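In each ligand, atom 1 is the first atom listed, and ligand 1 is the first ligand listed. Residues: numbered from 1 along the sequence shown. Model, not experiment: these values are computed from the prediction.
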Amino acid sequence: EEKEEETCSFTVPNYACQRRTQLHHHNPSLSDALTLLAENAELNEDDGRAVAFRRAAAVLKALPAEVTSVSQLKGLPCLGEHSLRVIKDVLKDGSCSEVETTKHSQRFNALKVLTGIFGVGVKTADRWIRDGIFNLQQLRESQTTLNRAQQAGLDHYEDLNQPVTRADADSITEIVQEAVSSLFPGAQVTLTGGFRRGKMTGHDVDFLLTHPEEGREEGLMDKVVSWLDSQGLLLYQKTSRNSYLESRDGPGRPSSNMDRFERCFAIFKLSRGQTSPPAGHQWRAVRVDLVVTPISQFAFALLGWTGSKLFERELRRWAGHEKAMSLSSHALFDKTQVINTLFREINMWNCSNHTRSPVSEAIPE
Ligand code: CTP
Ligand code: MN
Ligand code: MN
Ligand code: MN
């Protein structure tokens, strides 16, 4: 039996973006355990550890069969000591004590509930926890000052924490499509995010808006948002030109994956006929992201907004480390070309000034 286990070990490519991964896979109990630890690391702002657990979970999701013994995992990428220990525990006992302890810890649960409020990030949630606020009821009773986003998030908490269905996404696509084509003939609406990946549910609905003529997308967002508002379809909206000011990281820590497209974080009000509201309700709230891109950057924006977050991160890491290229939601460029152009300019300057001998090019073309 041991021999058989040795022979059926797995191999996968190093980067998540090089692997085909299905929504339904063979190792949900292992990937769930690692994902919970990733989530906990994110909630505690330990990004290094969070990415390590996300990568480990992604490797397990990509395997062609169920793992029955850790020996099958020998040589696989992204499985560090910590992840292997978790996997070993789950294989042996069906659960891992670190995962169980985390899952039931007061801090983890409080952070989950509080950051589950639209507009509340980990820093705010952590501050509230230190003030003794662990749940929605305590938050409501505490008379804590909330900003407009957080107030909307708290008001629509139940709705926004219900999964958005494919049917909801289709009906919102129709609404946005109607608004865009009546206001800006020729402009295009593209569904992105999880629904573009074929997921059946999501936490929001993501759209890219563009116009086939460069520059003609200008003014699109304002018009669309005003129209939606005039139709009573918006419970909340915040439009911004510069994304990083809006990010969960805050302006002090601009994340390199953040793009700078004009965007709108909105909460739509869908009535009966457009969605199935909860029993006894006439409508439900749904989170919607709208992003406007010039057509020249549309391809990169589409790639960048399709996700998943780990896939995007890995694609950028692969581009950088394996191809010496730099990928963002705005562009793809060859870093060696940029560096060599820079060196050529330095050489021209040095030679013309007879100050130094030429420097060699950094990376051969
Ligand atoms: N994204 C981004 N910048 C942001 C937010 C999101 O570039 N400020 C990109 C991410 O790459 C992400 C994609 O947009 O993969 C969609 O983000 P999100 O809606 O958060 O995730 P989904 O994959 O759509 O999952 P869900 O179904 O939970 O919405
Ligand atoms: Mn460790
Ligand atoms: Mn989404
Ligand atoms: Mn989104």
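- Near D206, meaning under 4.0 Å from one of its heavy atoms, ligand 1 places the atoms 19 (O), 24 (O).
- Close contacts between ligand 1 and G194 involve ligand atoms 22 (P), 23 (O), 24 (O) [criterion: under 4.0 Å to a heavy atom].
- Linking Ile, Leu, Val, Met, Phe, Trp and Tyr residues whenever their side-chain heavy atoms come within less than 4.5 Å leaves F265 and L270 in two separate clusters.
- Residue E312 has no nitrogen or oxygen atom sitting less than 3.5 Å from a nitrogen or oxygen atom of ligand 1, judged on distance alone.
- Residues passing the side-chain hydrogen bond (donor to acceptor under 3.5 Å, both in side chains) test with Q274, sequence neighbours excluded: S271.
- Aromatic pair F118/Y236: ring centres closer than 6.0 Å.
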Which pairs of donor and acceptor atoms, one on a side chain in residues 290-303, lie under 3.5 Å apart (sequence neighbours left out)?
residue: S296; atom: OG; partner: E214; partner atom: OE1; Å: 3.1
residue: S296; atom: OG; partner: E214; partner atom: OE2; Å: 2.7
residue: Q297; atom: OE1; partner: H330; partner atom: ND1; Å: 2.8

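- Checking only distances, R197 does come within under 3.5 Å of ligand 1, N or O to N or O.
- Closest of all the heavy-atom pairs between E45 and V122 is CG-CG2, 3.4 Å.
- One option in G304, G202, S328 has a heavy atom closer to atom 10 (C) of ligand 1 than any other, and that option is G304.
- Those atoms of ligand 1 that come under 4.0 Å of a heavy atom in R263, given as number and element, are 4 (C), 8 (N).
- Residues F108 and L43 are in side-chain contact: their nearest non-hydrogen atoms beyond the backbone lie under 4.5 Å apart.
- In the hydrophobic clustering of ILVMFWY residues, with side-chain heavy atoms under 4.5 Å counting as a link, I117 and V113 come out together.
- For a threshold of 3.5 Å applied to N or O pairs, the pair formed by S329 and ligand 1 contains no separation below that value.
- For ligand 1, the atoms closer than 4.0 angstrom to any heavy atom of H203 are 19 (O), 20 (O), 26 (P), 27 (O), 28 (O), 29 (O).
- Side-chain contact of T68 with Q72: a donor-acceptor pair under 3.5 Å is present, judged by distance alone.
- Of all atoms in ligand 1, numbered sequentially from 1 with element shown, those under 4.0 Å from a heavy atom of D204 are 19 (O), 29 (O).
- Listed by chain and number, the protein N, O or S atoms at a distance under 2.8 Å from the Mn ion (ligand 3) are D204 OD1, D206 OD2.
- Counting only distance, with no hydrogens or angles, the side chain of D229 and the backbone of V225 share no donor-acceptor pair below 3.5 Å.
- For ligand 1, none of its N or O atoms has an N or O atom of D289 under 3.5 Å away.
- In this structure, the side chain of D289 does not engage the main chain of D206 through any donor-acceptor pair within 3.5 Å.
- Of all the atoms in ligand 1, the ones that sit under 4.0 Å from a non-hydrogen atom of G307 are 15 (O).
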Do any side-chain atoms of residues 134-141 form donor-acceptor pairs under 3.5 angstrom with protein atoms, and if so which ones, sequence neighbours left out?
residue: N135; atom: OD1; partner: Q137; partner atom: N; Å: 3.2
residue: N135; atom: OD1; partner: Q138; partner atom: N; Å: 2.7
residue: Q137; atom: NE2; partner: E141; partner atom: OE2; Å: 3.0
residue: Q138; atom: OE1; partner: F134; partner atom: N; Å: 2.6
residue: Q138; atom: OE1; partner: N135; partner atom: N; Å: 3.4
residue: R140; atom: NH2; partner: L154; partner atom: O; Å: 3.3

